[in-house]
Amino acid sequence: MSAGDPRPIGMFDSGFGGLTVARAVIDLLPFEDVVYLGDTGRYPYGPRPLDEVRGFAHQIARRLVEEHDVKLLVVACNTASAAALDELQAELPIPVIGVIEPGVRALVKATRNNRVGVIGTVGTIGSGAYQRAVADTASEVELSCAACPGFVEFVERGETDGDQVVVLAERLLAPICEAGVDSLLLGCTHYPFLARTISDVVGRDVVLVSSADETAFEMLSLLQWSGLARDHTEGPGRHQFLSSGEVGWFRELGRRLLGPELSAVESVRW
Ligand code: DGL
């Protein structure tokens, strides 16, 4: 019997949002070690030029591979996936998973009326990555996209409901409502924290799809078929959190968003 691969899984995001993916990974793969890097020192990625985000993604990926010896990398950020996933997959010596394809697969599966929506940051929607990923499924669906500038900032301030966020959501989601979609992909790692507000605005009968669970399931099957899974007899996995910004803030807000596994945060410098 194989002894498994004890190396950790590497994950990164511009900040806190990827913790939604980390939560799903920790729940589904409790025996895996995880190293999560939140690039809060350079957050947010959404409004930045894609070339710049691509540079950050390469730098973080190198750091996780060279200093943490990760066996698999998850780009747990839609904007970074849109900017750099293909290049990272081609260049790194380890498997690399993004959040876009898993989310799109779930979206296409969820629809009944073949009208689907994707919302994300300006960078993600503007990149066309979701439009291409939906086209690649060769399904018959009609896609409506909307960028939602401002949503991320509300989440980062811990304001996930209240009048202001509802007013913004009503304005930004109007094209999605008009398109009559029955399934809506939350194409930004922060948006699951706004699920209730988004659902109130688009209607309770619209299925909200989050890529976090789908990405974790994709990792599960990859670890199983590649023989990279950690040996269960080694005990529960360890979780390490790194931030390029203020670590006290990362620990406080991150713990609220992820849960008790986020007990200590180490600082990274570029
Ligand atoms: N993590 C980013 C994403 O999923 C959202 C936050 C940001 O703009 O950096 O697109």
Side-chain angles (χ1 to χ4, degrees), residues 10-25 36-61 64 73-85 88 96-104 106-107 117-133 145-160 165 168-169 172 184-195 198 208-216 241-246 249-250 253-254 257-258 270:
M11 308 181 65
F12 76 90
D13 176 48
S14 57
F16 300 97
L19 293 173
T20 51
V21 186
R23 179 71 268 158
V25 169
Y36 178 99
L37 193 153
D39 195 12
T40 37
R42 300 185 292 201
Y43 148 92
Y45 285 1
R48 290 181 185 270
L50 283 186
D51 274 350
E52 189 179 25
V53 174
R54 196 171 296 126
F56 295 164
H58 279 279
Q59 187 184 32
I60 295 170
L64 289 170
L73 181 68
V74 185
V75 183
C77 173
N78 290 265
T79 312
S81 290
L85 184 68
L88 294 177
V96 184
I97 293 179
V99 285
I100 293 178
E101 276 75 18
V104 163
L107 178 70
V118 176
I119 53 175
T121 65
V122 170
T124 298
I125 299 301
S127 74
Y130 271 104
Q131 293 86 330
R132 284 191 294 280
C145 293
C148 295
F151 275 12
V152 165
E153 287 74 9
F154 272 104
V155 173
E156 300 278 337
R157 289 198 298 271
E159 291 176 44
T160 51
V165 69
L168 180 67
L172 295 173
L184 177 63
L185 177 57
L186 307 180
C188 170
T189 49
H190 283 58
Y191 296 177
F193 297 116
L194 294 174
I198 293 170
L208 298 187
V209 179
S210 148
S211 17
D213 289 340
E214 295 304 319
T215 305
F241 296 90
L242 315 169
S243 165
S244 61
E246 217 271 292
W249 176 49
F250 192 89
L253 182 55
L257 298 174
L258 180 103
W270 306 118

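Note that the structure is predicted; figures quoted are calculated from it, not measured. In each ligand, atom 1 is the first atom listed, and ligand 1 is the first ligand listed.
- The shortest side-chain heavy-atom distance between Trp270 and Asp39 falls under the 4.5 Å cut-off.
- By the ring pair (Phe, Tyr, Trp, His ring centres under 6.0 Å) test, Tyr130 pairs with no residue at all, sequence neighbours left out.
- The proximity of Thr121 to ligand 1, defined as any non-hydrogen pair under 4.0 Å, is limited to the side chain.
- Checked against a 3.5 angstrom limit, the closest N/O atoms of Gly187 and ligand 1 fall outside it.
- Within the set Tyr45, Phe12, Phe151, the minimum heavy-atom distance to atom 7 (C) of ligand 1 is found for Tyr45.
- Of the candidates Ala83, Ser14, Gly46, Ser14 brings a heavy atom nearest to atom 6 (C) of ligand 1.
- Looking from atom 1 (N) of ligand 1 to the surrounding protein, the closest heavy atom is Asp13 OD1, 2.6 Å.
- Regarding atom 5 (C) of ligand 1, its nearest protein heavy-atom neighbour is Cys188 SG, 3.4 Å.
- Protein heavy atom nearest atom 2 (C) of ligand 1, with residue, atom name and distance: Cys77 SG, 3.5 Å.
- No side-chain heavy atom of Val122 sits under 4.5 Å from any side-chain heavy atom of Pro47.
- Contacts of Thr189 with ligand 1, taken as heavy-atom pairs under 4.0 Å, involve both backbone and side chain.
- For Glu156, the side chain to side chain donor-acceptor pair (under 3.5 Å) criterion is met by His190, not counting sequence neighbours.
- Of all protein heavy atoms, the one lying nearest to atom 10 (O) of ligand 1 is Thr79 OG1, 2.6 Å.
- Leu186 places none of its side-chain heavy atoms less than 4.5 Å from the side chain of Ser211.
- Remark: side-chain polar atoms of Arg48 are not paired, donor with acceptor, to backbone N or O of Val53 under 3.5 angstrom.
- Each of Trp249, Phe193, Phe241 was compared with Phe16 under the ring pair (Phe, Tyr, Trp, His ring centres under 6.0 Å) criterion, and only Trp249 meets it.
- Within ligand 1, the atoms closer than 4.0 Å to a non-hydrogen atom of His190 are 5 (C), 6 (C), numbered from 1 in the order shown.
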